[in-house]
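Working notes, structure below.
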Amino acid sequence: MHSETRDLLIRGGRVIDPASDRDEVCDVLIRDGLIEDVGAGLGLPDGASEVQATDFVITPGFVDPHCHLRQPGYEYKETIATGAAAAAAGGFATVCAMANTNPTVDTKSILETVQEIAADQSSVHVYSLAAITIGLQGEQLVQMGELSDAGAVGFSDDGIPVASSALMRHAFEYAKRFSRPVANHCEDPALTAGAAMNEGPTSMRLGLPATPVQAEEVMIARDLALAELTGGRYHALHVSAARSVALIRSAKDRGVNVTAEVTPHHVTLTDEIVAGRWEPMSASLRPYDPVTKVNPPLRSEDDVQAVRVGLADGTIDCLGTDHAPHADHEKRVDYAGAAAGFSGFETAFAAVMELVHSGAIDLPTLIERLTRGAKVYGLPHGSLAKGAIADVVVLDPDREWVVDVAAFKSRGKNSPFHGQAFRGRVLKTICGGRVVFDLSEDPVETVGALGI
Ligand SMILES: [Zn+2]
């Protein structure tokens, strides 16, 4: 699975490393899997290969704080190996996997099983969150100390909200002892029951059962209140609504220990695509296409604008893909009955580059948001500082391409971006000094990029 670690000199690219406050044209030297040096005019060491990156951007490998790799239990949707290959193709050198596998990651032995599979089969760094409650049942807390010691980077029942406020309070109190964040799927289950999309004019027109943004608002308000009460660390997953951004902004202002993430789809798509309409879309979707179904649902234009502003001003700390691969048969049913979620790794960077091209955010800030997940979970990644683990991506912010889900490395072909023309492409991903994705060597890619 692992390619050889190679010493590489990446020459002449625009190096953007927010962690080191660096944005300049220079070289990056990788030796023995580490960043050996960053600077202009570096010499080529004996035995090292050279990569010309003129006109390209060199950044730390992206860090995804939120994905679903589906193994164990749902290998028909994705495996750790296929998910890692998809992550690498998306520029992610580090991913954090959610615990809603089968069995649930709720004991040390299951966590260790996942870690062993990842160590053996993954091309990128895989970290695991553990569940908050046993079997995601919302009744009994997991052994947080034991799981934390075994390497769980945080706790989440993602996919299912923790309904009990008392249990959530205890989760914050226990996780705080181990300095781990608690990440809740922020939807009030009583307000989302039976819902298939966002409540608003589009759901009225389509006649689909819907859930209001208040389902997210009340859950985030509760979790912020409990984080404040306990002093625990709260990470708000996939924030989608303007009201949520306002709550998090005010909580941060008064010192609540909270971080937040948003997905690429919630900063780019509105609920109108459920009706088949989306102005920037070059591809066409038919109304009621279950490929647009996701939790939390796509929201209104006002919500999209608010989460974009929140991402730009830092109220929302990072981008998380919520990569959620499903099999075709789980999406090719009626809208209400379809599985929710998008296969997100391979379109994430291109989708969010729209924010840069439209002037909503500048490229260094976007790169910061694509790597800050490392800080949320305390991971030694997301930096090009000397001596850092050599996780590096080479990007072409202007490369035009059209998404074809048939070319996805993920087993999940469930993307609303199929057929979309994007501007911005990952050319090469290096993880721990190994080249784990190279567009120029990709069999489905006809355009040569960077051959080394
Ligand atoms: Zn979720």
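Order of appearance sets the numbers: ligands from 1, and atoms from 1 within every ligand. Residue numbers run from 1 in the order of the sequence given.
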Tell me if the aromatic rings of H185 and H238 count as close, with their centers under 6.0 Å from one another.
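Aromatic pair counts; centres sit under 6.0 Å.
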Just checking Y335 against Y288, ring centres under 6.0 Å apart?
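Judged by ring-centre distance (under 6.0 Å), Y335 and Y288 do not meet the cut-off.
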Y174, OH: over 12 other non-hydrogen atoms inside 6.0 angstrom
no
Short check: any N/O/S atom of E187 below 2.8 Å from the Zn ion (ligand 1)?
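Looking at E187, which is the residue asked about, there is no N, O or S atom under 2.8 Å from the Zn ion (ligand 1).
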Using 30° and 60° as the class boundaries, would you call the ring planes of Y234 and F172 parallel, tilted or perpendicular?
perpendicular
Rounded to the nearest 10 degrees, what's the angle ND1 of H185 makes with NE2 of H238 at the Zn ion (ligand 1)? Could you check?
100°
Of all N/O/S atoms in D158, which lies nearest to the Zn ion (ligand 1)?
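Nearest N/O/S atom: OD1.
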